[in-house]
Structure formats: C-alpha cells, structure tokens
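Let me begin by presenting the structure, written as structure tokens, before commenting on it.
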Amino acid sequence: MGVEGRSLTELEGAILSEIEHRGHRTAFQVRRAFAESFSLEWRGSAGAVYPAVRRLEGEGLLSASEPTGGRRARSLALTAIGREALMTWARDPALSSSSGVDPFRLRAGIWSLLPKPERNALLSDVAAHIEQQIALIESHVSGLDPVETIRIELALEHQRDRLRQIERWR
C-alpha cells in the first residue's frame, strides 16, 4: 500500500518515477515528459499532473524546495516515505500484471462485428499507424537512461505483438 493504506495511482507512481529515476525535478518537467510520451494515454495534462504533485506533497511523499535566484519553479524530491511508496507500487504483482487500459484491446471486439472488407481496411490502417509509431519510437531509443530504455523496449514489443495479431485476423 501507499500512504495511509491506499495504493498509488498509475499517474502518481509515474510522477514519482519521473522525479526519482529520470531526474525531472519540477512539476513542469514531469508534465513535459508525459506530453512527449509516445503513448497517448500518458500525455498527462497540467490539469492532472499539477494536482497530483500537490497531493503527493500534501501526503508527505514529495518535498519541494522554494525557488531561488528568480526561478519560479520549485525543485521536487522524494521523501523517504515517497521512495517507500514508489517501491511498493513498483513491486505490486497484481498492478504490474494488469492488462490495464489498452485502446487496441478495447476496440478489437467491435472490429470483429464489422463487415469483412471494412474490417480489413481498418486493420490495414491500424497496422500502418502502428508501423509509423514503431519507426518513431525506434528513432528515439539511443541515448536513453536505463529506466526509459526498458519502458521503450517493452512498448516496441507491445506494438510488434499488435501487428502479429492483426496479421492473424486478416
């Protein structure tokens, strides 16, 4: 469990990870990292990231230093409780193995109801988008930190699995 008997949300765990492992020390840097994500679902808006950072601060998982030298941004760091909550979140086998929100999976059953020509055209379009994403992601792999490298490798394999599934359906 996280703080006071509750588990961290995926957004909260991702925020703590960005700060602790990826060196993003301000809420703006965290939000920008999400905005630059290859996953549409992780494009955390200011309306989601900033309140989550304030909540994590309020629960004692994050500490923030006051801005210095004319800077307006506060530097964030995990507290000992924050590190413990992050590691509890990261080690949760049920959450780690959840199939979670998957837009491909959510739509796939509906695709099976489409007339075959329409379904095949759609599957070709989806495959083309996946291939574009793979190319884009592969172009960003070099020079990443170890935490992000693993995430990107898993994302690439996930996309390749989707392409294999589309081929089976055709």
Side-chain angles (χ1 to χ4, degrees), residues 1-2 6-53 55-56 76 78 85-170:
M1 289 287 155
R6 78 164 181 89
S7 297
L8 294 175
T9 66
E10 291 299 291
L11 176 63
E12 291 168 338
I15 288 170
L16 293 179
S17 181
E18 285 294 318
I19 295 166
E20 182 73 0
H21 298 295
R22 304 226 31 246
H24 295 122
R25 299 288 180 221
T26 67
F28 175 78
Q29 289 173 330
V30 170
R31 191 202 57 75
R32 188 176 64 207
F34 290 159
E36 294 170 355
S37 172
F38 295 108
S39 172
L40 296 176
E41 295 73 36
W42 277 109
R43 299 232 169 127
S45 69
V49 172
Y50 294 129
V53 166
R55 185 172 54 254
L56 293 167
L76 301 168
L78 271 69
L86 174 62
M87 294 311 296
T88 298
W89 171 82
R91 292 177 177 142
D92 185 313
L95 292 176
S96 299
S97 62
S98 169
S99 55
V101 175
D102 181 348
F104 184 91
R105 183 174 44 90
L106 289 172
R107 289 166 175 79
I110 298 168
W111 298 339
S112 69
L113 303 175
L114 297 173
K116 189 170 185 168
E118 186 179 345
R119 181 178 60 241
N120 286 340
L122 175 64
L123 291 173
S124 292
D125 289 346
V126 172
H129 279 273
I130 291 171
E131 289 165 351
Q132 289 172 353
Q133 278 198 332
I134 288 172
L136 179 65
I137 294 168
E138 286 176 336
S139 72
H140 288 84
V141 171
S142 64
L144 294 174
D145 60 82
V147 171
E148 191 63 8
T149 297
I150 291 170
R151 292 175 182 166
I152 293 296
E153 289 170 352
L154 289 169
L156 284 168
E157 191 56 34
H158 188 63
Q159 291 293 61
R160 291 180 184 122
D161 284 342
R162 287 174 168 177
L163 285 176
R164 287 188 284 274
Q165 185 61 48
I166 287 172
E167 287 307 312
R168 285 192 292 270
W169 288 337
R170 285 187 187 167

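Across all non-hydrogen atoms, the minimal contact from Ala52 to Ile15 is CB-CD1, 3.5 Å. Among all heavy-atom pairs drawn from Leu114 and Arg119, the shortest one is O-NH1, 3.2 Å. Heavy atoms only, all atoms of each residue included: Leu8 and Ala85 are closest at CD1-O, 3.5 Å. Contact between Ala27 and Leu76 at its shortest, heavy atoms only, is N-CD1, 3.6 Å.
At distances below 3.5 Å, at least one donor-acceptor pair connects side-chain atoms of Arg25 with backbone N or O atoms of Ile19. Arg32 places no side-chain N or O within donor-acceptor distance of the main-chain N or O of Phe28, the cut-off being under 3.5 Å. Remark: side-chain polar atoms of Ser96 are paired, donor with acceptor, to backbone N or O of Asp92 under 3.5 angstrom. A donor-acceptor contact shorter than 3.5 Å links the side chain of Gln29 to the backbone of Thr26.
One finds a salt bridge joining Arg162 and Asp102 here, because a Lys/Arg side-chain nitrogen approaches an Asp/Glu carboxylate oxygen to under 4.0 Å. The pair Arg170-Glu167 meets the salt-bridge criterion, with a side-chain N (NZ, NE, NH1 or NH2) lying under 4.0 Å from an Asp/Glu carboxylate O. The pair Arg160-Glu153 does not count as a salt bridge, with every side-chain nitrogen at least 4.0 angstrom from each carboxylate oxygen.
The closest side-chain donor-acceptor pair between Gln165 and Arg168 falls under 3.5 angstrom. Checking Trp89 against Glu12 by side-chain atom types alone, no donor-acceptor pair falls below 3.5 Å.
When side chains are defined from C-beta on, Asn120 counts as touching Lys116, because their heavy atoms get closer than 4.5 Å.
More than 12 heavy atoms of other residues, nucleotides or ligands shown are found within 6.0 angstrom of CZ on Arg164.
Between Trp111 and Phe104, the ring planes lie perpendicular to each other; the angle is over 60°, past the 30° to 60° tilted range.
Between the CG atom in Leu136 and the CD atom in Glu131 there is a gap of 14.0 Å [rounded to 0.5 Å].
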